[in-house]
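What you are looking at is a predicted structure, and each value in this text was computed from that prediction instead of being measured.
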Amino acid sequence: MEVLVIPERGRLLLVVGSELLAGELRAAVGHRGTDAGADSELGASRERARRVRAALERLGPLYVKVGQVLSTREDLVPPALASEFERLHDQATPYPFDRMSTVLEQDLGSHWRERFKDFDTLRPLGCASLAQAYAATLSDGRPVVVKVQRPGIARLMASDMRLLRLVTRGVSKRFPLMSETIDLNAMLSVIFEAMRHELDLTLEAANMDEARTTVGDIAGIQVPDVVHATPRVLIQQRAPGTSVRDADPSAFAVEERERIGTSLLAFMYQGYFIDHRFHADPHPGNVFVCPGGPTTLIDWGMVGRIDRHLSSSLMMTLLGLANNDAHAVARSWAEMGRPTPWADLSGFEQDMATVVPKLASIPLNRLRFGASLAALLRHSTRRGIQTNPMIGLLGKSFANIEGTVRYIAPQLSATDVLVDQADRVLAAHALRSLSQQQLSYTALQILSGLETLLPHARAVTRSLSSGELTVQQAPVTRAFSLVGHRTSTRVKRAERHLLGAAALAWYFSRTGRR
């Protein structure tokens, strides 16, 4: 008789799933015979959402990250579940230090303690599912944080990723129409790629070094220096002050709080729209502040990267929201995704004509870009537009930074800061259009287009001169739509070149006036 061996993580998934199902059955029995009014239904939805959140936290870091991204995807999960997922935190019971010291010995050597004057092994600064952080002082007196990966966590995460891939493939096959609109595999790939750097701390260190090269453009923002990094141990400069979550706002002058909030938003916008790489998890626990001191962003393990086209389309979407331009929002949002064969683009534009004015009427200091993106996702999915899978990670990042700013400067308008930063973004695009690399790339595109066009032009000319040119009428086919798509791509490319030229002209006109 063949024995079915269930891997440990698969067994845990089955246990947690069974407990969720049992909770649903108990809730159904408990509600039987009671009033099924709106309040009762709402209470049941919230209780169900709490059970699912607790289950994800029990399953560990990968499921927590997926849940955090789903909190911005109300097109995929009900509002009560999305709201509960916003409360997901990757917290874990501390491992005893003797288990963590094994990792330190393996990565730093048996004499690792000689690096430090002191090392607080009793009270970790933070305990997450992937790693624990400790306060220490180097032998030269510098205060540092030592981040140590939990033993065996990389293997556990790899197992979870394979399991989720398997489940996702099964769901996609079972619901093919849904998978046309929502590419679950691509969305998982985005999350997995963003988390890959959390499993190798040398990659997180590289992210910090990369961010430090551009952080100087924003006054008051800093990234900790990296002292030493191995795949499982990261020693970094200790950030002064406390996290925004633990800070006392009354300890800061109103002007300083506004400066901190503005600088944080400006730095994140720079990542989204200029550098095209961004901190994907800037929640209040990952931002440190102190009165009169710098604002420090820590935990650079989860970083998102986007291309120029997505970045430009996203900014056009947000500025369209701020300017109550429903047509611009509908167009730029559709360009970020891919219409399915049954997509209703005109219906989506009508939706935007209703939704955008409502969002634009919200006072600027209460308009939340993260929530706005979730609203657009609901409508685009319903209308058959497949959204770029990176939008989930971007929505998570937006929601986190807005939540962080609300802690320290609740009166600040993220929209106002974005409009102010538009000057920097356009200037960066203008200067990039003048770069040798971009000029060469544009010239190559033009030459490539000419090489394709000239043979066809010569053939048409010969046919005209010989009187052999005829016009045939044929029904529209899939092949024709593909040609139309290629033509549309060329038009979009030309539009981008024109946008670059317009940005360049605008930039020099501004410079001349100054």
Point-to-point distance, once rounded to the nearest 0.5 Å, from [atom1] of [X] to [atom2] of [Y]:
X	Y	atom1	atom2	value
L188	L164	CG	CG	6.0 Å
H283	D281	NE2	CG	4.5 Å
M208	H279	CE	NE2	9.0 Å
D344	Q350	CG	CD	7.0 Å
M157	R150	CE	CZ	12.5 Å
I260	L265	CD1	CG	12.0 Å

- Residues T404, R245; criterion side chain to side chain contact (heavy atoms under 4.5 Å, CB included); working and verdict: CA-CA 8 Å; T404 297; R245 184 171 52 209; over 6 Å; no

- Item | Residue pair V145, L125: steps toward the side chain to side chain contact (heavy atoms under 4.5 Å, CB included) verdict | CA-CA 8 Å; V145 171; L125 292 174; 3.8 Å; yes

For the pair [X] and [Y], find out whether any cationic side-chain nitrogen is under 4.0 Å from an anionic carboxylate oxygen.
X	Y	result
R331	E335	yes
R305	E193	no
R277	E210	yes

Would the distance check show the side chain of [X] and the main-chain N or O of [Y] forming a donor-acceptor pair, the cut-off being under 3.5 Å?
X	Y	result
K147	A131	no
Q149	L199	yes
N323	D325	no
Q132	Y95	yes
Q270	T214	yes
D160	L62	no

- Between S313 and S332, do the side chains contain an N or O donor and an N or O acceptor separated by less than 3.5 Å? no

- Message: For a quick check under 3.5 Å, do S243 and D246 share a side-chain donor-acceptor pair by atom type?
- Response: yes

- Got a sec, which residues hit side-chain hydrogen bond (donor to acceptor under 3.5 Å, both in side chains) with T137, two or more places apart in sequence or on another chain? D118

Kindly indicate whether the side chain of [X], heavy atoms from C-beta on, has any atom under 4.5 Å from the side chain of [Y].
X	Y	value
W300	N286	no
V146	L104	yes
L318	L373	yes
R162	S159	yes
T317	M336	yes
E204	M302	no
V417	Y269	yes
L376	M352	yes

Expected list for residues 216-229: side-chain donor-acceptor pairs under 3.5 angstrom, two or more places apart:
residue	atom	partner	partner atom	Å
Q222	NE2	T296	OG1	3.1
D225	OD1	R212	NE	3.3

- Starting from the C-alpha separation in whole Å, work towards a yes-or-no answer on side chain to side chain donor-acceptor pair (under 3.5 Å) for T262 and R257. CA-CA 9 Å; T262 301; R257 282 189 277 140; over 6 Å; no

- Item | Those residues that, when tested against R123, pass salt bridge (charged side-chain N to carboxylate O under 4.0 Å, His left out) (two or more places apart) | D120

- Item | Partners meeting salt bridge (charged side-chain N to carboxylate O under 4.0 Å, His left out) with R238 (sequence neighbours left out) | none

Determine the minimum heavy-atom distance between [X] and [Y], stating which atoms define it.
X	Y	value
A280	N400	O-ND2, 4.0 Å
P231	D200	CA-OD1, 3.3 Å
F252	C290	CE2-C, 3.4 Å
I274	A428	CG2-CB, 3.9 Å
G320	V356	O-CG1, 4.3 Å
L56	G67	CD1-CA, 4.0 Å

- Could you pull out all residues at least two apart from F192 that satisfy ring pair (Phe, Tyr, Trp, His ring centres under 6.0 Å)? none

- Going through the checks in order, is the salt bridge (charged side-chain N to carboxylate O under 4.0 Å, His left out) test met by E57 and R53? CA-CA 6 Å; E57 289 176 336; R53 174 179 61 81; 3.4 Å; yes

- Task: Please collect all ring pair (Phe, Tyr, Trp, His ring centres under 6.0 Å) contacts where either partner lies in residues 388-420, sequence neighbours excluded, each pair once.
- Result: Y272-F398

- Message: Run L297 and F267 through side chain to side chain contact (heavy atoms under 4.5 Å, CB included) and show every step you take.
- Response: CA-CA 10 Å; L297 275 79; F267 179 69; 4.0 Å; yes

- Query: Yes or no on side chain to side chain contact (heavy atoms under 4.5 Å, CB included) for V66 and F85, after CA distance, side-chain angles and deciding distance?
  - Reply: CA-CA 9 Å; V66 171; F85 282 175; over 6 Å; no

- Query: How are the rings of F119 and Y134 set to each other: parallel, tilted or perpendicular (split at 30° and 60°)?
  - Reply: tilted

